[in-house]
*Asks:* 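Structure incoming, see below.
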Amino acid sequence: MRGYLVAGNWKMNGSFDANRALVAGIVGGAPADVDVQLLVCPPFPYISSVGKLIEGSPVQLGAQNVSEHSSGAFTGETAGSMLRDVGCDFVIVGHSERRAIMGETSSIVADKFKAALSAGLKPILCVGETLEQRESGQTKAVIDEQLTAVLDAVGIDGFEDAVIAYEPVWAIGTGVTASPEQAQEVHRHIRELLESRDAGVAEKIKILYGGSVKGDNAAGLFSNPDIDGGLIGGASLKSDDFLAIAEAATSLC
Ligand code: PGA
């Protein structure tokens, strides 16, 4: 049993007041089931304060990005060691918004993944195709390129404590979700690619689905054998919505 991880990617949303209310709701309703882990990834300025709000609860803390460098003259960047310092266990790397808007290439994403591991963080590697790539039959080739860039940089052992999130770009923030069949097909493909390097790592790793996950579609997605939870954007900003997704996972345990 791999269990489920339900991770909230708050993106560039929040304030002290809004975070307090959101976290109080999440902590108050967090499932007691140890097979369903909850994670919140607030924007950088709020990581410390959210860390205090979740203290003593099973909710875990992560960041949305990390520098590929460990320290030095990189104005505006944040090192993995700093994220550990403020209590993060996880960090999202290679989110499609960073790839598309901030120009992060697969090679930069691989360096960030490596930097996260060096700092003792668990990377959540996001991969996913655009609508155009899906419609032209390139989905698996795109996923292979994004995943292989990281595998080549850190080796399969680097995935021992990592998480992968399959996030079709066309499903992010659009209200259009991949069907459970579409998602399962890609998740299976990802696990098989890892299996070709190490069956043990492939069996153990959690592969999350992300892209318009909501309380009413989560169970349909999570009931598939290779879908181990979700990376949630919009629905992670309201505790009831986020908890409904966690409950869907709990109902499958
Ligand atoms: P969404 O975002 O749930 O709002 O589609 C998911 C993500 O970008 O991680």
Side-chain angles (χ1 to χ4, degrees), residues 4-14 18-19 22 25-26 36-44 46-47 50 59-66 88 90-104 109 112-113 116 121-131 133-134 139 142-143 146-147 150 162-180 182-183 186-187 190 206-222 224 227-249:
Y4 290 98
L5 173 62
V6 178
N9 172 13
W10 294 2
K11 307 195 180 181
M12 199 170 73
N13 295 293
N19 300 347
L22 175 56
I26 295 173
V36 180
Q37 278 183 286
L38 297 190
L39 167 68
V40 290
C41 302
F44 284 137
Y46 299 119
I47 290 176
V50 170
V59 180
Q60 291 180 279
L61 192 61
Q64 300 173 19
N65 181 34
V66 63
C88 287
F90 290 85
V91 63
I92 298 169
V93 294
H95 190 280
S96 66
E97 285 151 17
R98 298 207 57 86
R99 291 181 193 259
I101 306 167
M102 263 58 87
E104 288 186 7
V109 172
K112 290 186 174 216
F113 190 104
L121 291 160
K122 295 174 186 162
I124 301 177
L125 171 66
C126 300
V127 296
E129 81 289 359
T130 63
L131 185 58
Q133 289 165 334
R134 172 163 283 264
T139 299
V142 169
I143 305 294
Q146 293 173 339
L147 199 49
V150 181
V163 174
I164 294 175
Y166 168 55
E167 298 207 306
V169 178
W170 48 272
I172 295 177
T174 58
V176 180
T177 318
S179 69
Q182 284 173 321
V186 178
H187 281 232
I190 291 170
K206 284 191 176 79
I207 307 177
L208 314 183
Y209 168 80
S212 299
V213 179
K214 304 273 181 289
D216 59 6
N217 59 26
L221 289 157
F222 298 174
N224 284 278
I227 303 183
D228 310 307
L231 181 55
I232 321 298
S236 72
L237 299 175
K238 285 192 184 145
S239 57
D240 286 352
D241 294 348
F242 192 59
L243 290 173
I245 297 168
E247 275 156 30

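Keep in mind that the numbers below use all heavy atoms, side chains included, and drop hydrogens, waters and symmetry copies. In listed order, ligands and their atoms are each counted from 1. These figures come from a predicted structure and were not determined experimentally.
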*Asks:* Students should be able to answer this: which protein heavy-atom is nearest to atom 4 (O) of ligand 1, and at what distance?
*Replies:*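 Protein heavy atom with the smallest distance to atom 4 (O) of ligand 1: Gly234 N, 2.8 Å.
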*Asks:* Checking Tyr166 side chain against Ile190 main chain: does a donor-acceptor pair fall under 3.5 Å?
*Replies:*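 A pair under 3.5 Å: no.
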*Asks:* Can you sort out which atoms of ligand 1 are near Glu167, meaning under 4.0 Å from one of its heavy atoms?
*Replies:*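 In order of number, 6 (C), 7 (C), 8 (O), 9 (O).
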*Asks:* Asn65 versus Glu104: any side-chain heavy-atom pair under 4.5 Å?
*Replies:*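 In contact.
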*Asks:* Measure the shortest side-chain to side-chain distance between Phe222 and Ile245 over non-hydrogen atoms and say whether it is less than 4.5 angstrom.
*Replies:*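 Phe222 vs Ile245: side chains touch.
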*Asks:* Is the backbone N or O of Val109 less than 3.5 Å from a side-chain atom of Arg98, with the two atoms forming a donor-acceptor pair by type?
*Replies:*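 Not at all, since once roles are kept as given, no pair shorter than 3.5 Å links the two residues.
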*Asks:* For ligand 1, indicate whether the residue Asn9 contacts it via side chain, backbone, both or neither (heavy-atom separation under 4.0 Å).
*Replies:*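 Asn9 to ligand 1: side-chain contact only, backbone stays beyond 4.0 Å.
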*Asks:* Which atoms of ligand 1 sit under 4.0 Å from any heavy atom of Gly211?
*Replies:*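 Within the 4.0 Å cut-off of Gly211, ligand 1 contributes 5 (O).
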*Asks:* Would a distance-only check, ignoring hydrogens and angles, find a side-chain to backbone donor-acceptor pair under 3.5 Å from Asn217 to Ser212?
*Replies:*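 It does hold such a pair.
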*Asks:* Is any side-chain heavy atom of Glu167 closer than 4.5 Å to a side-chain heavy atom of Leu231?
*Replies:*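 With C-beta onward as the side chain, the pair touches.
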*Asks:* Between the main-chain N or O of Val163 and the side-chain N or O of Lys206, is there a donor-acceptor pair closer than 3.5 Å?
*Replies:*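 Checked: no pair found.
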*Asks:* Measure Ala235 to ligand 1 on non-hydrogen atoms and call it side chain, backbone, both or neither using the 4.0 Å cut-off.
*Replies:*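 Neither; no heavy atom under 4.0 Å.
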*Asks:* Return the residue, atom name and 0.1 Å-rounded distance of the protein heavy atom closest to atom 3 (O) of ligand 1.
*Replies:*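 Looking at atom 3 (O) of ligand 1, the protein heavy atom closest to it is Gly233 N, 2.9 Å.
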*Asks:* May I ask whether Cys126 has any heavy atom positioned less than 4.0 angstrom from an atom of ligand 1?
*Replies:*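 Outside the 4.0 Å threshold, so no.
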*Asks:* Examine distances only and state if a side-chain atom of Asn9 and a backbone atom of Gly233 form a donor-acceptor pair shorter than 3.5 Å.
*Replies:*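 Side chain of Asn9 to backbone of Gly233: no pair is present.
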*Asks:* I'd like to know whether ligand 1 has Gly210 as a neighbour, heavy-atom separation below 4.0 Å.
*Replies:*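 So Gly210 does not count as touching ligand 1.
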*Asks:* Regarding atom 5 (O) of ligand 1: of the candidates Gly175, Gly230, Gly173, which has the closest heavy atom?
*Replies:*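 Nearest heavy atom to atom 5 (O) of ligand 1 lies in Gly173.
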*Asks:* Within a distance under 4.0 Å of any heavy atom of Ala171, pick out the atoms of ligand 1 and give their elements.
*Replies:*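 So the atoms of ligand 1 that pass are 5 (O).
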*Asks:* Please could you name the atoms of ligand 1 that Lys11 approaches to less than 4.0 Å, counting only its heavy atoms?
*Replies:*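 In order of number, 2 (O), 7 (C), 8 (O).
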*Asks:* Under 3.5 Å, N or O to N or O, is His95 touching ligand 1 that way?
*Replies:*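 Between His95 and ligand 1, an N or O pair is found under 3.5 Å apart.
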